[in-house]
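Let me begin by presenting the structure, written as structure tokens, before commenting on it.
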There are 6 protein chains.
Amino acid sequence: MRLTAPENLRFSQAKDFIVTYGGSEANVAVSLANYGVPTEFVTRLPNNEIARACVMALRSHHLSTEGIVYGGNRLGIYFLENGAVARSSSVVYDRADSSFSTLCPGMIDWKSLFADASWFHWSGIAASLTQSAADACREAIEVANEMGLTISCDLNYRRNLWKYGKSANEVMPELVKYSDVLFGSEGEYMNVLGINPVGFKAFDTSYDIDMKGFERVGREVQAMVPRCRKVFIELRNSINANHDLLGGILYSDGSVKQSRIYDVTHVVDKVGTGDAFVGGMIYGLIAYPQDDQIALDFALAASCLKTTIYGDFNLVTVEEVENLMKGDGSGRVSR
Amino acid sequence: MRLTAPENLRFSQAKDFIVTYGGSEANVAVSLANYGVPTEFVTRLPNNEIARACVMALRSHHLSTEGIVYGGNRLGIYFLENGAVARSSSVVYDRADSSFSTLCPGMIDWKSLFADASWFHWSGIAASLTQSAADACREAIEVANEMGLTISCDLNYRRNLWKYGKSANEVMPELVKYSDVLFGSEGEYMNVLGINPVGFKAFDTSYDIDMKGFERVGREVQAMVPRCRKVFIELRNSINANHDLLGGILYSDGSVKQSRIYDVTHVVDKVGTGDAFVGGMIYGLIAYPQDDQIALDFALAASCLKTTIYGDFNLVTVEEVENLMKGDGSGRVSR
Amino acid sequence: MRLTAPENLRFSQAKDFIVTYGGSEANVAVSLANYGVPTEFVTRLPNNEIARACVMALRSHHLSTEGIVYGGNRLGIYFLENGAVARSSSVVYDRADSSFSTLCPGMIDWKSLFADASWFHWSGIAASLTQSAADACREAIEVANEMGLTISCDLNYRRNLWKYGKSANEVMPELVKYSDVLFGSEGEYMNVLGINPVGFKAFDTSYDIDMKGFERVGREVQAMVPRCRKVFIELRNSINANHDLLGGILYSDGSVKQSRIYDVTHVVDKVGTGDAFVGGMIYGLIAYPQDDQIALDFALAASCLKTTIYGDFNLVTVEEVENLMKGDGSGRVSR
Amino acid sequence: MRLTAPENLRFSQAKDFIVTYGGSEANVAVSLANYGVPTEFVTRLPNNEIARACVMALRSHHLSTEGIVYGGNRLGIYFLENGAVARSSSVVYDRADSSFSTLCPGMIDWKSLFADASWFHWSGIAASLTQSAADACREAIEVANEMGLTISCDLNYRRNLWKYGKSANEVMPELVKYSDVLFGSEGEYMNVLGINPVGFKAFDTSYDIDMKGFERVGREVQAMVPRCRKVFIELRNSINANHDLLGGILYSDGSVKQSRIYDVTHVVDKVGTGDAFVGGMIYGLIAYPQDDQIALDFALAASCLKTTIYGDFNLVTVEEVENLMKGDGSGRVSR
Amino acid sequence: MRLTAPENLRFSQAKDFIVTYGGSEANVAVSLANYGVPTEFVTRLPNNEIARACVMALRSHHLSTEGIVYGGNRLGIYFLENGAVARSSSVVYDRADSSFSTLCPGMIDWKSLFADASWFHWSGIAASLTQSAADACREAIEVANEMGLTISCDLNYRRNLWKYGKSANEVMPELVKYSDVLFGSEGEYMNVLGINPVGFKAFDTSYDIDMKGFERVGREVQAMVPRCRKVFIELRNSINANHDLLGGILYSDGSVKQSRIYDVTHVVDKVGTGDAFVGGMIYGLIAYPQDDQIALDFALAASCLKTTIYGDFNLVTVEEVENLMKGDGSGRVSR
Amino acid sequence: MRLTAPENLRFSQAKDFIVTYGGSEANVAVSLANYGVPTEFVTRLPNNEIARACVMALRSHHLSTEGIVYGGNRLGIYFLENGAVARSSSVVYDRADSSFSTLCPGMIDWKSLFADASWFHWSGIAASLTQSAADACREAIEVANEMGLTISCDLNYRRNLWKYGKSANEVMPELVKYSDVLFGSEGEYMNVLGINPVGFKAFDTSYDIDMKGFERVGREVQAMVPRCRKVFIELRNSINANHDLLGGILYSDGSVKQSRIYDVTHVVDKVGTGDAFVGGMIYGLIAYPQDDQIALDFALAASCLKTTIYGDFNLVTVEEVENLMKGDGSGRVSR
């Protein structure tokens with residue numbers, strides 16, 4: 001559950017918090033469901049009315065929620081305060097003792113869930129909370145591997161979440177090695193897999209991105225995770241709290257591709273931009289299996305649209321993303 | 001009635017719709033009433049409480065509403081979703097079977113209405129809905145012509161509205177020929193009157209607009225509508241959903257004038273910008289009969305201010321428009 | 001779509017309308033889905049974003065929406081103004097030319113839809129709008145009959161809706177005759193089937209209801225609809241806009257049963273009370289097949305709870321209804 | 001301007017104040033305009049944007065506002081906190097130095113205003129603020145008297161407003177003596193005219209009101225104001241902040257009439273109940289000149305409906321009041 | 001932190017939650033601060049922005065907050081859904097791992113805090129959460145005892161909170177024995193101290209309360225807690241979620257006193273009614289040390305007013321409570 | 001009290017006004033309190049509930065409010081309408097007859113208030129309202145001077161407020177001469193002290209500010225106010241209503257320093273930017289007594305953050321300002 005102070009109010013000014021639901025994996029799942037991909041969202045929720053409201057929200061986005069298991073004490077919360085210009089948005093995590101963080105191996109029947117599935121996506125946040133959640137994560141990955149699913153992972157490194165005594169660097173590589181597809185920023189590849197970053201600071205819409213550097217990063221990642229066919233690197237240049245530049249890189253089998261760069265001058269909601277990229281990319285890989293460049297362009301256009309949508313979820317259709325890919329970003333009223 | 005999803009929410013996220021009233025002709029009428037011009041707004045509304053709320057809103061803007069006739073099934077609605085950056089605003093029309101679209105000749109007593117009037121303004125939307133509404137439109141124009149009123153027309157071409165079996169090109173020229181004053185974008189002059197457009201794509205605040213081309217357009221329009229003394233061409237360069245550049249061209253008796261260009265970096269509401277231009281222009285022609293350049297500058301400043309005001313109506317005073325014409329666009333707090 | 005003026009505001013005072021979704025059949029379906037009964041909701045919607053938002057709302061309530069067909073011009077709307085004390089709530093219907101009212105036989109594939117179904121519920125509103133909608137209704141009933149489904153009908157008589165040239169009395173009896181279960185107020189049995197009403201005016205919580213009279217009504221209904229095993233008669237005594245008394249009668253095979261009477265002193269939302277009764281009753285007939293009295297009590301408790309819930313839908317669980325049946329109506333905070 | 005804390009919040013809890021406009025005389029004027037009586041509202045307002053917003057609100061209710069004069073420092077404000085049960089609603093007046101309180105004789109051209117008028121209504125609040133406002137009041141009354149208008153006065157005694165050194169008892173009788181019609185509670189007749197009250201404490205819907213006592217009060221008032229043909233006495237029994245009983249008495253030419261008593265169990269807004277009575281009564285006297293009983297019943301039904309409407313203004317139609325007079329107070333949804 | 005679904009919405013309908021702060025002890029403290037008693041509120045909060053917003057809210061109510069200590073993971077939350085009529089309000093506790101529940105002895109410097117204090121109040125909730133919080137509670141009580149403070153305790157028994165392996169009956173008597181003043185309902189005296197209840201079910205405004213029974217309860221409590229001079233028993237008859245009857249009993253030194261009974265027909269907020277009683281009572285004991293009856297009446301009037309105020313806190317002044325004690329509960333607008 | 005029309009609505013569109021509290025001196029005081037400086041806020045307020053709500057708001061920001069005196073008629077109000085792009089924000093002052101404007105010498109016991117104080121800050125607004133307020137101002141300054149406090153003054157010239165017959169130029173120099181620290185824009189130094197301005201029109205982030213000119217201004221100010229050690233000149237380049245550039249100059253003992261320039265592309269709230277500069281500067285002078293450049297940078301960063309915060313008050317911590325000074329203005333989500 002995300003509780004957001006309205007508009008640009010500081011936490012102390014807010015008299016109400018706007019309730020939405022989200023989280024990295026849910027965001028990716030909603031993206032896929034919106035594009036028409038049958039998607040099952042699996043998590044652990046407490047057995048109370050707040051969790052039931054969350055499930056209703058997920059269902060409205062055409063997700064299947066039958067695989068959710070119930071138990072534990074509480075639904076994890078994060079509080080969000082929207083920044084502006086030089087004042088950053090601020091997140092207060094309130095996930096202590098959440099039902100997800102007390103998930104253990106054996107609680108979820110992955111075999112049944114994966115029976116009709118072809119793709120399994122997870123993110124590093126799942127492994128960052130507690131040892132038992134990381135173990136449950138490993139269990140899911142191993143079952144998915146045995147059953148032959150495509151496995152994708154978003155590294156999703158958040159320094160503040162790794163607090164149970166192990167670092168991302170100790171835990172993640174063992175889990176990541178099963179990945180067919182990997183997502184991350186260059187900083188995440190560094191923090192999670194130890195890859196030396198390219199080290200660029202900023203770019204603009206005309207910037208000549210260091211493609212050689214990213215090719216080197218891709219090569220090193222693939223060396224560490226030989227199974228991985230696609231290494232995606234997300235680029236974000238945060239001009240200020242209202243203004244982002246978005247780009248993306250795909251390394252695949254020795255070659256590196258670059259997306260168009262989007263100039264988002266009036267951001268509505270930054271949260272979930274990366275997840276929208278991941279959701280768009282997975283869709284793109286499925287929908288345009290022969291053309292990585294189109295898939296990458298789809299993912300970038302999707303994440304660009306996400307920045308204009310309130311909440312964590314990227315509520316757009318394939319048609320809307322494709323219109324933007326074709327260049328209609330003029331923002332004229334469509335009537 | 002306009003039902004707008006709050007802030008930047010998508011339709012599916014909105015838990016309430018903000019109610020305002022508008023429509024091309026009403027917007028022009030409210031502009032004029034706000035500038036102190038005695039204005040009568042004529043339409044057909046259903047005989048129910050929703051329509052009565054609409055009339056109250058119109059009256060609050062100093063319009064006279066005595067000429068409205070009542071009957072038919074419903075008030076036309078349009079739903080508006082505000083876009084952002086690369087996501088366009090989106091309109092869902094819900095005008096099927098509206099009281100206006102079932103307006104027929106004979107329902108409105110134009111002779112009485114025009115008894116004290118000197119100017120009649122209509123727009124192409126009125127003729128686009130149904131054959132009977134187009135006929136009623138013709139009736140009004142012919143009476144206005146007989147009684148010697150100045151007649152102005154905003155071409156207002158919306159492809160999606162022409163659905164009763166005739167095209168704008170078939171219907172409009174016969175109606176437009178009575179116009180003393182014409183408004184449109186170059187695309188509208190093409191679609192409605194078949195004028196070859198100048199074909200410019202974009203401009204910025206320093207852009208050298210193709211005045212020769214617009215002179216040619218003006219000349220061709222006047223050739224088709226010999227009665228027309230003023231041909232206005234609205235220019236809008238939509239950078240994205242939050243950012244517009246606005247300009248305007250006036251062709252009159254062989255010469256072409258150009259307005260200052262306004263750079264609207266943080267649009268509040270795009271809807272009604274063109275109507276605000278029309279309202280400002282009609283006021284300008286009345287208030288500054290000797291100086292078309294001032295009239296044109298007034299219209300542009302008025303439409304620039306409209307983009308900063310929520311809803312369809314341009315709620316500004318003559319003083320505010322004139323302050324902007326004089327150059328005070330700094331946005332300092334006035335206290 | 002229901003558009004409600006906030007709180008107790010009159011239409012003309014409302015600056016926004018609260019958006020919810022509802023309608024007699026949808027309300028019954030949501031009730032059943034909330035009680036855990038797998039429920040498919042079938043209707044016709046336009047192919048636009050507003051309808052998609054409606055489907056998302058339905059899905060969040062655990063309905064299956066795969067059977068919905070798309071086409072036509074618009075989603076039917078009704079505007080609701082909440083009354084208070086001696087000022088009635090007021091509804092403005094805006095259903096002209098809705099996609100449902102232009103539904104025709106052949107548009108919905110009832111055979112597939114009914115393949116796994118055991119019960120079909122419809123209401124008189126479906127037959128009241130247009131001839132073609134009534135024909136589609138007949139089509140559905142006949143297919144349901146052939147395939148051996150239990151059929152229930154809520155008479156749902158609204159004088160203002162029968163406007164296509166036939167009266168309820170002409171159209172409905174032919175459709176109602178397939179019903180296994182019937183719902184209505186005594187006024188509806190009179191208007192739709194011509195049954196002479198009992199004619200009681202009001203009752204209070206201690207009132208001695210005329211059971212003989214209602215037995216006679218039940219007997220006459222069954223005589224007209226021999227297939228019908230259960231005749232339900234809803235009782236509502238509207239003290240004022242904030243205060244209702246609710247009761248219910250069941251005639252079945254010669255005997256008549258009466259529910260407890262609920263005194264609702266602070267109504268939150270009157271709309272959907274009858275639908276909540278129907279939904280509760282169908283659930284009760286399924287869940288307590290041996291005990292009509294319990295089923296009737298469940299239905300009344302369900303409709304009592306509905307009056308406390310905003311919107312058309314009765315968002316309660318079986319557990320909550322059963323708690324009220326057991327007598328816990330004290331309203332103490334449950335913590 | 002009325003600034004109300006939302007719902008039942010205390011002033012210190014409110015993060016916004018709801019803006020409506022009102023005031024005793026404006027409330028009466030809006031009532032009459034809503035009933036279709038051509039009504040001019042005269043006051044003095046400052047020359048600023050806040051006052052212009054106020055005028056727009058008045059105009060939306062079909063009032064004529066041409067007679068308003070502009071000048072002075074500010075628009076009078078009152079802050080309202082809604083009570084509940086045993087906690088009273090609370091008003092904080094903020095009228096110091098308002099444009100109305102600095103109104104002087106000569107500022108308003110009563111002769112022109114009264115040229116087409118047949119009735120002039122004023123209230124004791126106008127005379128309570130300052131000497132100059134009282135003088136302007138006298139000026140208006142005298143002109144109205146000379147020009148032969150019917151004059152009505154609502155005594156409207158508020159102890160806290162008489163602060164300029166004179167008591168109501170000193171100022172009002174001289175002004176009241178021109179009245180054809182008088183309104184007040186028995187307390188107001190005592191405080192303003194010195195009439196000995198009947199002294200009843202409370203009544204209920206079956207109460208046998210002391211008609212003899214009220215006849216005596218009426219007789220004494222008429223003795224003091226011989227010109228007065230109708231003496232209205234408003235009765236209100238405030239059970240608690242949510243629950244009122246309303247009644248009314250009319251003394252006329254020696255006889256006394258009593259209205260039905262309304263039991264308002266869920267008050268929405270108490271403010272303006274008396275003004276709604278006055279507005280209804282003036283309309284009743286005009287519309288049913290031969291039948292004081294109907295006029296009185298109309299006024300009571302009107303004030304009963306006012307208690308269900310947010311804000312100062314009684315936003316009801318003649319048809320709605322007449323429906324309630326005929327007894328339809330059941331609050332069933334009208335659809 | 002309390003997160004309340006707006007108006008009467010169910011959790012799943014709420015798009016935002018209204019943020020207020022509260023909790024049994026804080027509510028008592030705010031009551032006292034509002035009455036002008038210098039009050040220090042002591043608790044443990046996490047070191048984040050959400051807690052700082054909470055402290056700002058407390059400070060606005062004139063509490064001193066210097067004694068608060070910082071640490072631990074999170075601020076305890078409870079979610080509140082407002083019921084209506086037969087649907088109870090519903091609380092979902094979300095206190096797992098809150099900073100208060102991980103409070104340990106030694107964290108708070110009670111000696112300094114009590115240096116200038118004369119009264120210490122605590123409630124059973126503090127002892128119900130964890131063993132360490134109960135130990136911290138004991139520590140505070142013992143220091144308060146040593147330093148000669150008056151000690152009061154509200155038993156505040158919530159079955160769902162006692163989950164750390166001990167029952168209230170095992171833990172509380174040892175802590176309660178230091179109390180000079182005790183608060184509870186008869187159910188709480190039974191559950192916490194094992195006192196046989198009087199067993200009354202309901203009462204109305206004319207009810208003849210079983211004073212003998214309550215005298216017996218008081219005597220038995222005093223026998224168990226010899227130091228206790230005042231035993232207060234709160235009475236609440238919950239007619240439905242909108243309607244409460246409130247009363248109170250005081251046993252002191254062998255005699256028993258009864259308060260007036262308040263009939264709250266339109267409850268605004270039930271939460272905190274008991275705390276408002278406690279706050280009013282402590283104030284009463286301080287302000288009217290010679291007259292227990294007045295003190296008791298003050299406490300009841302205070303708790304009656306609380307039911308009309310949104311949120312946990314009783315935002316009333318001494319003057320307002322005294323006005324109600326004197327009988328002005330008519331709810332007339334005070335202006 | 002500030003009453004703001006929501007979002008970008010014009011006054012006439014607003015159905016509610018958002019209530020916040022502010023004013024030049026209060027804004028400075030809140031800044032200091034937020035930075036942890038013990039701060040007493042002194043003013044005069046009426047003795048009513050609105051003023052009590054104001055005091056609660058001030059207290060929540062950790063101000064001490066014991067020095068406030070009560071009396072007079074009303075709390076001063078200003079109405080604020082937020083502009084956009086070329087439409088300026090607009091303020092309607094409603095301060096006539098406010099309790100502060102009727103403050104007289106002798107009403108406040110400055111000696112006691114200053115007993116533990118080391119710094120006294122006042123602004124020119126205090127002297128602009130009435131003669132008596134200016135006299136009270138002088139009284140405070142003289143006592144502060146006698147007691148050896150550091151005195152700072154923000155010239156705060158508002159042409160519209162000087163209406164009691166004297167100009168700022170006549171009154172202020174005599175008061176300003178006691179200042180150790182002075183704040184103003186170059187226009188204010190001209191209007192209040194008669195200093196010839198530098199006369200720059202605009203600047204951008206790369207602009208080479210005329211430091212020689214500002215050095216001259218500083219020298220002339222110090223010549224007029226020899227006691228003054230620090231002359232601060234605020235620079236604001238208002239590109240449009242949403243876009244400001246902010247800078248600042250410090251003249252001290254012959255040398256002139258310049259701050260970084262902040263480019264605020266999406267202003268949230270312009271009001272209070274100058275006060276945030278003053279508050280930041282006073283804090284900076286106290287916290288970094290040896291390094292004026294750091295103090296100046298702190299003040300600019302503080303005022304830059306203010307533009308992103310709703311309301312008059314600058315709700316930021318020292319840590320947040322210092323983070324911005326160190327260059328983190330990227331607006332990335334901090335989690």
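Numbers restart at 1 for each chain; the letters A, B, ... are given by sequence-line order, proteins then strands.
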Arg236(F) backbone acceptor or donor facing Asp244(F) side chain under 3.5 Å:
no

Counting heavy-atom pairs under 4.5 Å with chain F, the top scorer among Thr4(D), Val55(D), Asp94(D), Leu75(D) is Asp94(D)

Leading residue by heavy atom contact count with chain F [cutoff under 4.5 Å; candidates Asn48(D), Ile18(D), Ile50(D)]
Ile50(D)

Give a yes-or-no answer on whether the side chains of [X] and [Y] include a donor-acceptor pair shorter than 3.5 Å.
{"X": "Ser238(F)", "Y": "Lys270(F)", "value": "yes"}
{"X": "Arg74(D)", "Y": "Tyr93(F)", "value": "no"}
{"X": "Asn82(D)", "Y": "Asn8(D)", "value": "no"}

With a 4.5 angstrom heavy-atom cut-off, could you sort out which part of Phe17(D) is near chain F: side chain, backbone, both or neither?
both

Quick one: of Glu49(F), Lys15(F), Met56(F), who has the most non-hydrogen atom pairs under 4.5 Å with chain D?
Lys15(F)

